[in-house]
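Read through the structure below, which is laid out as structure tokens, and then see the notes.
Note that the structure is a prediction, hence the values are computed from the model and not measured.
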Amino acid sequence: QIFKRCLVPRDWKRFKFYSHRIRRWKYESTSFVEESLVDHLAFGRGSDYLLPNLTHIEFAAYTVPAIHLYTLFLGPSITSVKMEGGESSIDGLNAILAFFQTLSDRSERLEEMVIRWNDGSGLSYRPEQLQILITGITDVLEGQSKNLRIVHLLTPKLIGPSGFEKLATL
């Protein structure tokens, strides 16, 4: 257990002092992340972005709590997202959809998106599962980011017809 009590506003003073300094988040294990940790961060942070100057984020989306955590990190300063994943539960895929929708809504400076799903091998998802991934990625491609120039989808079947149309305009 990471927290012995609920976080209160005064606990955030030190965090906020340092959070502005974080510009890059490199891949690290998220096996310790539990939903209760994400809830503490989500509800305690106030209306500010958790990491307001974060520009680059690289992470693995293998658990629902980890996906929720990285969704909290998204803000308007994000320029690069590199993600690998393999979560196939409906809850996990819905969390990924929320991640992509949040990325689309908040990250107008996004320049690069790299996605590797299921170790880059072909997907054996049911059509409705695959459609959730396609919808999320298409949402980012059609979103507000005018700067998106680099898109690497390192797994087949992650894009639909409207996504291809958007890729053609990059």
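- Counted by atom type alone, Tyr62 and Glu84 present one or more donor-acceptor pairs between their side chains at under 3.5 Å.
- How far CE of Met113 is from OG1 of Thr79: 13.5 Å, rounded to the nearest 0.5 Å.
- Pairing each heavy atom of Ile67 with each of Ala61, the nearest pair is CG1-CB, 3.6 Å.
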Legend entry - Intermediate values then yes/no, side chain to side chain contact (heavy atoms under 4.5 Å, CB included), Leu133 and Ile96: CA-CA 7 Å; Leu133 287 169; Ile96 285 294; 3.8 Å; yes
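- Clustering ILVMFWY residues whenever any of their side-chain heavy atoms sit less than 4.5 angstrom apart, transitively, puts Tyr70 in a cluster other than the one holding Tyr49.
- With rounding to the nearest 0.5 Å, the separation of CD in Glu112 from NE2 in His56 is 8.0 Å.
- Ile150 and Phe100 sit in two unconnected hydrophobic clusters of ILVMFWY residues. Membership requires side-chain heavy atoms under 4.5 Å apart, directly or through other members.
- In this structure, Arg24 places its CZ atom where only 12 or fewer heavy-atom neighbours from other residues, nucleotides or ligands lie under 6.0 Å away.
- The distance from the CD1 atom of Ile137 to the CD1 atom of Ile115 is 4.0 Å, given to the nearest 0.5 Å.
- Using a 4.5 Å cut-off between side-chain heavy atoms of Ile, Leu, Val, Met, Phe, Trp and Tyr, with links allowed through other members, Trp117 and Val64 fall into different hydrophobic clusters.
- Listed here is the closest heavy atom pair of Gly143 and Ser104: CA-OG, 3.3 Å.
- Across every non-hydrogen atom of Thr138 and Gly160, the tightest pair is OG1-N, 4.5 Å.
- Between Val81 and Leu103 there is a side-chain heavy-atom pair separated by less than 4.5 Å.
- Here the side chain of Glu142 pairs no donor or acceptor atom with the backbone of Gly163 at under 3.5 angstrom.
- Remark: Glu111 does not engage Arg149 in a salt bridge, criterion side-chain N to carboxylate O under 4.0 Å.
- Between Phe99 and Met83, the closest side-chain pair of non-hydrogen atoms falls below 4.5 Å.
- In this structure Arg21 satisfies the salt bridge (Lys or Arg N to Asp or Glu O under 4.0 Å) test with no other residue, sequence neighbours excluded.
- Summarising the geometry, atom CG belonging to Asn53 is positioned 7.0 Å from atom NE2 belonging to His20; distances are rounded to the nearest 0.5 Å.
- Between Lys166 and the options Val151, Ile159, Leu141, a side chain to side chain contact (heavy atoms under 4.5 Å, CB included) holds for only Leu141.
- Of the residues Glu108, Arg109, Arg23, Arg106, the one that meets the side chain to side chain contact (heavy atoms under 4.5 Å, CB included) test with Ser77 is Arg109.
- Put simply, CG on Asn94 and CD on Gln101 are 9.0 Å apart, with the number rounded to the nearest 0.5 Å.
- No hydrogens or angles considered: a donor-acceptor pair under 3.5 Å links the side chains of Gln131 and Thr135.
- Separation of the Trp25 and Phe59 ring centroids does not fall under the 6.0 Å cut-off.
- Atom CG of Leu130 and atom CG of Leu158 lie 7.0 Å apart (nearest 0.5 Å).
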